[in-house]
*Asks:* 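Sharing a structure here in structure tokens format.
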Amino acid sequence: MEFYKGIGKIKYEGKDSKNPLSFKFYNPDEVIAGKTMREHLKFAMSYWHTMCAEGTDMFGVGTIVKDYGETDPMESAKKKAYAAFELMDKLSIDYYCFHDRDIAPEGETLAESNARLDVISDLLLELQNKYNKKVLWGTANCFGNKRYMHGAGTSPNADVFAFAAAQIKKAVEITVKLGGKGYVFWGGREGYETLLNTNMALEQDNMARLMRLTVDYARSIGFDGDFFIEPKPKEPTKHQYDFDTATVLAFLRKYGLDKDFKMNIEANHATLAAHTFQHELRVARDNNVFGSIDANQGDMNLGWDTDQFPTNVYETALCMYEVIKAGGFVNGGLNFDAKTRRGSNTSEDIFLSYIAGMDAFALGLRIADKMINDGRIDGFVAERYASFNSGIGKKIVDGDVTMAELEAYALEMGDVTTNISGKQEYLENVMNQLMF
Ligand code: XLS
Ligand code: NI
Ligand code: NI
């Protein structure tokens, strides 16, 4: 059975092609800086947006039908799996990411939900082998069901904590069964609406307890991949604890979890935290916790997570620059945590959206490689800090100086006489020159 009829395998046709169903910039086997584009970019499909989301919003029902021709939820879940692999195959996407409830519908009881996951994960494993596809990461949806109205790991209700733990245990097992090298924590409702009813200290301690329990359990069943935590400052809760990379880092260090967790940075979440995407990536890279990316983009005029397919090449270029500088992906990759607009409601739109996103990142990779080879930007930054390579600067960096010595140095100097220009506009123009 074919779900995306009339759409064949998407091929690279180059930048002059006018065929909408072709890649203009993503040429999977082309080698850039010693690796194929496919290896650099490690594209993944998000099961929830691509296979499940029907275009609903706060004001209206779905505009896209995703029942795959079935009325029974389990039959629909099976067809969905077949459709998912057809789509990945046609788009040459090697990985996918999923929540437990995306792949198999929740049952009446936990036992029934788990049994359903067993059935569907058998099918997914079979399809992975047939199509040569892999799981990038798995996760548990601990935010959709009404039991999670006050959070999961941070719920004031211990029964909810226990239920979330049970759900995560199973999600980890399924991730391991499917060979995933990543497991994500996104604290969908791990935050608060008002401090008037919240014991923030206990909630954060409990979240750390849940993460520690998960790590220990996952390691005990042979999971040797990375745990990722995905920062987001707000939505759906007013204030989420995993606000941004810096906040999450402090949390992980406080609870001794920093050796097991890396960041899954999402572009739109950076925007919501009033940071650039590159800032979040840089903080992760500088602290050796860069892990994976949820590739999307927001809208600068809106204050919520619009999860649009990324098409802004300036952003993807600066992103790929950080990724290359971080040494590339190890267990992570580029997961398109993105959905077609409510008005883009055909199956073809899903393909056009992935093509747009993949081409934008392919361009980003090409430009990042140019930035690095060109060397003007890196060279400028190195030169800007050159005063720390010798003399008093070197002593400061080496920890080889006292306050009294610095005072003596400054007294002798009288005042600072030179400060070189930061040349922001020049560097922005270098970027344009490299891009166009
Ligand atoms: C929502 C998050 C979510 C995570 C996975 O804003 O981005 O989709 O990536 O739970
Ligand atoms: Ni995400
Ligand atoms: Ni998001």
Side-chain angles (χ1 to χ4, degrees), residues 42-54 56-58 95-103 106 135-145 148 151-154 164 167-168 170-172 174-175 180 182-191 207 210-211 214 226-245 248 261-275 277 280-281 284 290-299 302-310 315 319 331-341 353 357 361:
K42 289 184 69 182
F43 288 132
M45 177 197 79
S46 62
Y47 216 95
W48 53 104
H49 285 310
T50 307
M51 307 317 301
C52 309
E54 298 186 324
T56 52
D57 68 13
M58 308 273 269
Y95 297 87
Y96 67 102
C97 300
F98 68 93
H99 302 82
D100 48 1
R101 305 304 179 231
D102 306 334
I103 58 173
E106 186 158 10
V135 164
L136 188 70
W137 51 257
T139 189
N141 179 332
C142 290
F143 45 87
N145 189 286
Y148 296 123
T154 64
Q167 201 184 319
I168 291 169
K170 185 70 181 177
V172 167
I174 298 292
T175 303
Y183 186 85
V184 162
F185 278 81
W186 170 63
R189 294 192 191 274
E190 314 294 20
M207 192 64 226
L210 182 58
M211 288 163 71
T214 305
D226 285 321
F227 292 91
F228 298 126
I229 185 158
E230 185 179 321
K232 186 175 184 181
K234 58 187 170 187
E235 195 201 18
T237 51
K238 172 198 153 148
H239 179 97
Q240 296 201 178
Y241 293 133
D242 43 10
F243 195 94
D244 61 0
T245 303
V248 170
F261 278 84
K262 295 195 160 50
M263 298 295 149
N264 181 35
I265 309 278
E266 179 166 320
N268 203 164
H269 297 180
T271 304
L272 295 180
H275 295 310
F277 187 20
E280 286 293 86
L281 294 163
F290 169 70
S292 203
I293 287 177
D294 268 8
N296 62 15
Q297 72 186 24
D299 185 312
L302 298 174
W304 67 91
D305 201 10
T306 56
D307 285 342
Q308 291 164 230
F309 273 86
E315 294 286 310
C319 168
N331 289 322
L334 276 168
N335 167 47
F336 285 103
D337 194 351
K339 60 185 175 208
T340 55
R341 297 304 83 197
S353 303
F361 268 93

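Worth knowing before you read on, the calculation uses all heavy atoms, side chains too, and leaves out hydrogens, waters and symmetry mates. Numbers here are sequence positions counted from 1. Order of appearance sets the numbers: ligands from 1, and atoms from 1 within every ligand.
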*Asks:* Do Glu266 and Glu230 make a side-chain contact, defined as non-hydrogen atoms from C-beta onward lying under 4.5 Å apart?
*Replies:*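 Yes, their side chains come closer than 4.5 Å.
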*Asks:* Less than 4.0 Å between a side-chain N and a carboxylate O, is that true for Asp100 and Lys170?
*Replies:*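 Salt bridge: no.
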*Asks:* Which residue and atom name correspond to the protein heavy atom nearest atom 9 (O) of ligand 1, and how close is it?
*Replies:*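 For atom 9 (O) of ligand 1, the nearest protein heavy atom is Glu230 OE1, 2.7 Å.
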*Asks:* Tell me the contacting part of Asn264 for ligand 1: side chain, backbone, both, or neither, using a 4.0 Å heavy-atom threshold, strictly below.
*Replies:*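 The answer is neither.
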*Asks:* Can you tell me the angle formed at the Ni ion (ligand 2) by OE1 of Glu266 and OE2 of Glu230, to 10°?
*Replies:*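 Between OE1 of Glu266 and OE2 of Glu230, the angle at the Ni ion (ligand 2) is about 90°.
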*Asks:* Taking both backbone and side chain into account, is any N, O or S atom of Glu235 nearer than 2.8 Å to the Ni ion (ligand 3)?
*Replies:*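 Checking Glu235: none of its N, O or S atoms is under 2.8 Å.
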*Asks:* Could you identify the single nearest non-hydrogen protein atom to atom 8 (O) of ligand 1 and state the distance to 0.1 Å?
*Replies:*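 Here the closest protein heavy atom is Asp337 OD2, 2.9 Å.
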*Asks:* Between Asp307 and Asn296, is any side-chain donor less than 3.5 angstrom from a side-chain acceptor?
*Replies:*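 Result is yes, a qualifying pair exists.
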*Asks:* Which N/O/S atom belongs to His269 and is the closest one to the Ni ion (ligand 3)?
*Replies:*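 Going by distance to the Ni ion (ligand 3), the closest N, O or S atom in His269 is NE2.
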*Asks:* Does Val184 reach ligand 1, in the sense of a heavy atom lying below 4.0 Å from it?
*Replies:*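 Heavy atoms of Val184 never come under 4.0 Å of ligand 1.
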*Asks:* Counting only N and O atoms by type, is there a donor-acceptor contact under 3.5 Å from the side chain of Gln167 to the main-chain atoms of Asn141?
*Replies:*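 Judged by distance alone, yes, a pair lies under 3.5 Å.
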*Asks:* Has His269 got a side-chain atom pairing as donor or acceptor with Pro231's backbone, closer than 3.5 angstrom?
*Replies:*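 Such a contact is found between His269 side chain and Pro231 backbone.
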*Asks:* Name whichever N, O or S atom of Asp337 ends up nearest to the Ni ion (ligand 2).
*Replies:*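 Relative to the Ni ion (ligand 2), the closest nitrogen, oxygen or sulfur of Asp337 carries the name OD2.
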*Asks:* Decide whether the shortest distance between a heavy atom of His269 and an atom of ligand 1 is less than 4.0 Å.
*Replies:*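 His269: in contact with ligand 1 (<4.0 Å).
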*Asks:* Any donor-acceptor pair under 3.5 Å linking the side chain of Lys42 with the backbone of Gly332?
*Replies:*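 At least one qualifying donor-acceptor pair exists.
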*Asks:* What atoms of ligand 1 come within less than 4.0 Å of a heavy atom belonging to Asp294?
*Replies:*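 Those of ligand 1 that fall under 4.0 Å from Asp294 are 9 (O).
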*Asks:* Which heavy atom of the protein is the closest neighbour of atom 10 (O) of ligand 1, given with residue, atom name and distance?
*Replies:*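 The answer is His99 NE2, 2.7 Å.
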*Asks:* Per the ring pair (Phe, Tyr, Trp, His ring centres under 6.0 Å) rule, which among Phe228, Phe290, Phe185 passes with Phe261?
*Replies:*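 For Phe261, the ring pair (Phe, Tyr, Trp, His ring centres under 6.0 Å) check succeeds only for Phe185.
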*Asks:* Taking just the N, O or S atoms of Asp305, which one is nearest to the Ni ion (ligand 3)?
*Replies:*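 This turns out to be OD2.
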*Asks:* With respect to the Ni ion (ligand 3), please indicate if Asp294 possesses an N, O or S atom at a distance under 2.8 Å.
*Replies:*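 Short answer: no, not a single N, O or S atom is under the cut-off.
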*Asks:* Judged by atom type as modelled, is there a donor-acceptor pair below 3.5 Å linking the side chain of Gln240 to the main-chain atoms of Gly187?
*Replies:*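 Yes: the side chain of Gln240 pairs with the backbone of Gly187.
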